[in-house]
Amino acid sequence: MKLEAGYRTKIKLFIRAYSRYSRAISFFMLDTLGNLERTHTCGELRESDVGKQVVLMGWVAKKRDFGVFTFIDLRDRGGLTQVVVSEETAKEAHVKAKNLRGEFVLAVRGEVVSRADGTHNSKLATGDIEVKVGEILVLNEAKVPPFQLEVAGTENLASEDTRLKYRYLDLRRPRLQHNILTRAKAVARIREYMDERGFIEIETPILLKSTPEGARDFIVPSRIHTGKFFALPQSPQILKQITMIAGFDKYYQIARCFRDEDLRADRQPEFTQLDVEMSFANAEMVYRVMEGVFGHVFKLINVDLPEQWPRMTYAEAMRRYGSDKPDLRFEMELQDLSGELTDTDFSPFAEVLGKGGEIKAVVVKGKADYSRKVLDELQEFVKRYGASGLAWIKLGDETTSSLLKVLGLGTIERLASTAKAEKGDAILMVAGKKSVVAAALGALRNEIGKRENSIDRSAYRTLIVTEFPMFEHDEDTDRYTAAHHPFTSPMDEDLELFKQAVENDAEHHLLGQVRAKAYDAVINGYECAGGSIRIHQKEIQALNFKALGMSIEKAREQFGFFLDALEYGTPPHGGFAAGIERTCMILCGTENIRDVMAFPKTASAQDLMMDSPGEIDGAQLGELGIKVND
RNA sequence: GGAGUCGUAGUUCAGUUGGUUAGAACGCCAGCCUGUCACGUUGGAGGUCGCGGGUUCGAGUCCCGUCGGCUCCGCCA
């Protein structure tokens with residue numbers, strides 16, 4: 001037994017050594033490119049090119065060996081072309097072809113020939129022709145890839161961590177090539193549009209100063225100023241406003257932004273924004289630029305967005321859809337049942353209404369046959385958003401409901417009618433605090449839209465959401481924080497209310513009612529852009545800092561330079577920032593931000609290819625005066 | 001910080017109530033093959049069942065912990 005095992009090991013070692021040897025041999029057999037130039041990409045040859053002598057270069061996508069001749073699917077970013085190598089007509093090339101493997105890099109020289117009847121491939125853009133090869137140059141070989149690039153469909157793709165580790169291989173897949181290309185084109189169109197309309201591209205620093213509000217900063221230590229730190233921009237907000245004070249009038253930038261927060265399917269720690277600011281602009285003027293630039297970009301995928309997008313106030317969006325970024329590709333609006341239940345003696349509902357909460361519902365068309373299992377799943381779903389439960393009514397052959405015993409059939413039927421439900425429908429109800437009801441039902445609406453396939457995948461529904469609240473109430477600290485950012489202007493109509501709330505402590509809670517000149521651009525349920533008209537007068541800015549509980553001294557410490565700048569003739573101004581990745585996700589029809597970034601990070605904010613973040617040298621730390629705790 | 005889910009061959013997955021030597025497909029290696037394009041065909045190699053502990057006569061399977069991927073909540077002015 002032992003002897004045999006030892007023998008096997010020896011054989012294995014021999015084979016390993018031999019294969020290394022033969023690899024070394026084959027290295028010396030590689031061809032050189034020399035002065036050879038390619039004449040076409042692998043995606044462009046057609047019937048009309050038949051007879052041409054061509055040179056293609058690319059990667060071996062697939063090899064099909066038939067003994068006396070061999071087919072190779074050659075791939076580059078242009079597409080795929082079938083090349084044929086015959087032993088009879090190209091002896092040397094044929095020997096080389098037999099030894100090829102996936103992802104070897106080739107140059108092939110040959111003649112474009114029409115395919116014989118019955119051998120055309122309609123799945124391939126180049127499927128009417130093939131290249132009859134006279135010469136093959138093996139420009140480089142490739143190890144066997146750790147996963148298969150060419151698989152039918154996307155179901156059998158290797159797991160994402162494997163693909164992220166070998167991102168350069170994953171990026172060779174036509175799908176990702178297409179996405180990255182689309183992104184490049186989208187950015188090019190953005191520059192084209194902004195440039196034509198007189199916007200000036202201005203770069204702002206990446207090394208900034210940390211500010212306490214907002215997202216967590218990424219921090220960069222300063223070597224020259226030991227113990228001091230730069231922060232990477234969460235967005236170039238203040239700097240773009242300063243370009244307005246500096247008189248540039250119309251600014252834009254394709255700006256990289258950094259936020260040290262947890263990731264999501266549509267959120268990465270670094271991402272790119274189209275950042276825009278305009279002087280002497282009102283909100284409508286900003287909307288027109290948003291509509292225009294998105295319209296221009298969506299022509300890339302042959303979609304005509306409306307010239308003027310529908311407008312909806314934040315309050316209306318929350319009331320009707322439970323979301324400030326409603327997906328308008330399907331209906332299913334929230335129905336308010338609070339009115340029907342004001343006099344209910346069912347204590348959970350009475351209690352909710354007594355505390356100023358509400359009871360709302362969504363109607364799921366034709367789903368009176370929802371099973372107990374599905375309803376349980378949906379209940380678990382809404383609980384994630386803080387809902388205490390999910391009540392249901394099913395208008396089947398008979399009307400059933402989780403509330404039948406406590407409310408009685410009469411009330412149930414009245415609720416169904418108020419909710420505008422019809423026979424065959426299911427009604428799903430959530431009771432609770434307004435914010436919880438909106439969050440739970442808003443999310444449930446999207447979930448059911450997906451589940452029931454009621455989203456029109458070919459539709460692109462746009463919306464501008466206006467009149468966002470100026471402040472958000474933080475329940476833990478009982479403080480008001482800026483809903484957008486601390487330079488956002490209140491609405492003119494709410495200015496008096498704002499002053500009153502700031503100046504009288506007793507009326508501080510009125511801050512919750514102040515609306516801002518803040519807005520979002522929404523496409524298909526994604527917040528693609530957001531912005532505001534800014535405060536340009538120092539008195540209002542001072543009021544705002546006070547509202548946020550920030551002393552003048554503190555504000556000066558944080559934003560002194562900006563407050564100074566505001567005092568030197570600041571024009572009224574406003575703007576927006578659009579998420580490049582989210583926009584490209586919609587353009588590319590993907591729900592994952594990693595599909596539109598060349599080198600994304602994992603959900604735990606790591607780069608699996610370069611294995612970042614990494615540790616640094618003790619000496620490097622010493623130079624920066626930094627000590628890392630264990 | 002919390003929840004869900006997944007982790008078995010290079011890859012995608014199957015693996016029954018805990019029970020003999022852990023399977024399939026693709027890929028890989030070696031042949032054969034004159035029209036394939038998911039080529040076909042013959043043969044072959046390939047496994048730390050993520051990792052660590054525990055229960056048990058016996059663990060891929062059960063329990064605890066841990067690491068990693070993905071998704072969600074919190075977070076993201």
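Throughout, a chain's letter reflects where its sequence line sits, starting with A, and its residues are numbered from 1.
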For A/His573, the option from A/Gln241, A/Lys240, A/His536, A/Arg534 that meets side-chain hydrogen bond (donor to acceptor under 3.5 Å, both in side chains): A/Gln241
Test for a donor-acceptor pair under 3.5 Å between the base of B/rG10 and the side chain of A/Gln148, counting only N and O atoms. yes
In whole Å, measure the gap between the P atoms of B/rC49 and B/rG23 for me. 14 Å
Watson-Crick or G-U wobble mate for B/rG65, both contacts under 3.5 Å: B/rC51
Between B/rG65 and B/rU5, how far apart are the P atoms? Round to whole Å, please. 15 Å
Smallest heavy-atom separation, A/Tyr385 atom then A/Val436 atom, equals O-CG1, 3.8 Å
Is A/Ser159 near enough to B/rG69 that one of its side-chain N or O atoms lies under 4.0 angstrom from OP1 or OP2? no
To the nearest Å, give me how far apart CZ (A/Arg163) and C1' (B/rG10) are. 15 Å
Classify the ring geometry between A/Tyr314 and A/Phe468 as parallel (under 30°), tilted (30 to 60°) or perpendicular (over 60°). tilted
Candidate nucleotides B/rC70, B/rC75, B/rC37, ranked by approach to the side chain of A/Asp262 - the nearest: B/rC75
C1' atom, B/rC33 versus B/rC39: distance in rounded Å? 10 Å
What's the shortest heavy-atom distance between A/Met585 and A/Ala265, and which atoms? CE-O, 4.4 Å
From the set B/rG68, B/rU71, B/rC37, return the single nucleotide nearest to any side-chain atom of A/Ser604. B/rG68
Verify stack between A/Phe147 ring and B/rU11 base, 5.5 Å, 30 degrees: no
Span that lies between the P atom of B/rC29 and that of B/rG35, in whole angstrom: 24 Å
Are A/Arg264 and B/rC73 close enough that a side-chain N or O sits under 4.0 Å from OP1 or OP2? yes
With both distances under 3.5 Å as the test, what is the Watson-Crick or G-U wobble partner of B/rG4? B/rC70
Does A/Arg384 make a side-chain N or O approach to OP1 or OP2 of B/rC73 shorter than 4.0 Å? no
Reading RNA chain B from 5' onward, which residue's closest nucleotide shows up sooner: A/Ala265 or A/Val144? A/Val144
Using the C1' atoms only, state how far B/rG40 lies from B/rU34, rounded to an integer number of Å. 13 Å
Quantified in whole Å, what is the C1' atom distance between nucleotide B/rG54 and nucleotide B/rG18? 15 Å
Write down the distance separating the C1' atoms in B/rU56 and B/rC64, rounded off to the nearest Å. 16 Å
Interatomic distance at P, B/rG4 relative to B/rC76, whole Å: 24 Å
Donor-acceptor contact below 3.5 Å, side chain A/Glu130 vs main chain A/Val113: no
